[in-house]
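Please read the structure below before turning to the comments.
Atoms within each ligand, like the ligands themselves, are counted from 1 in listed order.
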Amino acid sequence: MIIFKTVASLSTFLNDQKNKQITIGFVPTMGALHDGHLFLIAECKKATQLTICSIFVNPTQFNDKTDFEKYPSKTEDDIALLHRAGCDVLFLPSPEEIYPEGIPLLHYKLGRIETLLEGKYRPGHFQGVCQVVHRLLSIIQPSQLLMGQKDYQQCMVVRTLLEITGINTKLVICPTIRESSGLAMSSRNMRLSEQDQIFATSIYQSLLFAKEQIATISFTALKTQITEKLFAHGFSSIDYIAVCNAITLEELTYWDPATPAVILIAAFINGVRLIDNMLL
Ligand code: AMP
């Protein structure tokens with residue numbers, strides 16, 4: 001695996017690859033890698049000839065400074081994992097490489113999707129996501145971009161970004177990889193105690209319950225039952241439990257089998273914010 005730390009050195013390498021008509025797949029991450037990330041790398045290797053992973057903890061997508069400061073960093077371990085997974089290139093830029101001084105940050109017209117759910121509780125988050133994804137895509141110009149359904153709204157926002165910028169990259173959304181308990185893998189799980197990791201599976205159980213019951217009970221009753229379950233399992237607050245249109249993410253109030261729907265949950269357990277979702 002070749003590691004690049006500057007845009008200039010990566011671009012020179014990539015120009016050479018593109019001249020050879022090599023197809024490029026890209027997996028952006030913030031590091032502290034787990035099997036969810038490695039699944040994206042494996043899928044990328046199947047779909048393209050050159051797999052590039054980036055590790056960059058993007059400051060502009062954190063609305064909470066403490067969350068940014070506490071974000072786990074395990075670069076040495078990550079490099080070993082990527083190497084073992086057969087990743088071809090790791091891009092490991094500094095903030096100055098991604099956001100060169102004097103170049104103003106862009107603002108994207110994402111519409112309502114950036115104000116809903118995560119957007120409501122993390123104002124400015126999706127502008128930050130678009131800033132870093134747009135910048136990385138401009139540098140790498142991959143034919144495929146692989147992202148996880150775990151961050152469902154992020155996938156929909158990036159889809160919007162690709163539409164409004166006209167960038168010619170295919171977005172591939174990969175399924176959420178879970179622990180055997182059902183807990184969605186996340187870099188933030190490292191901050192959970194053993195007990196809280198067990199409690200946290202109640203999010204997954206709630207999603208399964210919703211999938212089973214969605215056609216038979218009211219959304220209000222469903223949300224009340226999930227709320228009770230989460231509070232009974234150590235969760236201290238819930239940002240949202242929402243059944244939404246799977247494309248626009250507008251909240252739905254009743255079940256209509258003709259409308260593609262997704263249930264999304266964001267909740268705190270001992271100061272750690274977890275998100276998860278399931279298509280219904
Ligand atoms: P992150 O490092 O958390 O920014 O995630 C980088 C990419 O990995 C994003 O596209 C995430 O959606 C994806 N990802 C994170 N966790 C998982 C998971 N458990 N399963 C599949 N993809 C994931």
Report each N/O pair between ligand 1 and the protein that falls under 3.5 Å, naming both atoms.
| unit_1 | atom_1 | unit_2 | atom_2 | d |
| --- | --- | --- | --- | --- |
| ligand 1 | 2 (O) | Met30 | N | 2.9 |
| ligand 1 | 2 (O) | His37 | NE2 | 2.9 |
| ligand 1 | 5 (O) | His37 | NE2 | 3.4 |
| ligand 1 | 10 (O) | Gly148 | N | 3.0 |
| ligand 1 | 12 (O) | Gly148 | N | 3.2 |
| ligand 1 | 12 (O) | Gly148 | O | 3.1 |
| ligand 1 | 12 (O) | Asp151 | OD2 | 2.7 |
| ligand 1 | 16 (N) | Met185 | O | 3.4 |
| ligand 1 | 19 (N) | Ile177 | O | 2.9 |
| ligand 1 | 19 (N) | Met185 | O | 2.9 |
| ligand 1 | 20 (N) | Ile177 | N | 2.8 |

Asn189 and Gln197 side chains, donor-acceptor separation under 3.5 Å: no
Tyr71 and Phe62 aromatic ring geometry - parallel, tilted or perpendicular at 30°/60° bounds: perpendicular
Parallel, tilted or perpendicular, as decided by the 30° and 60° cut-offs, for the rings of His134 and Tyr108: perpendicular
Ion pair check, Glu97 and Lys5, cut-off under 4.0 Å: no
Validation row: Ile203, His233 side chains within 4.5 angstrom (heavy atoms): no
Partner residues of His125 under the ring-ring contact (aromatic ring centres under 6.0 Å, His included) criterion, sequence neighbours left out: none
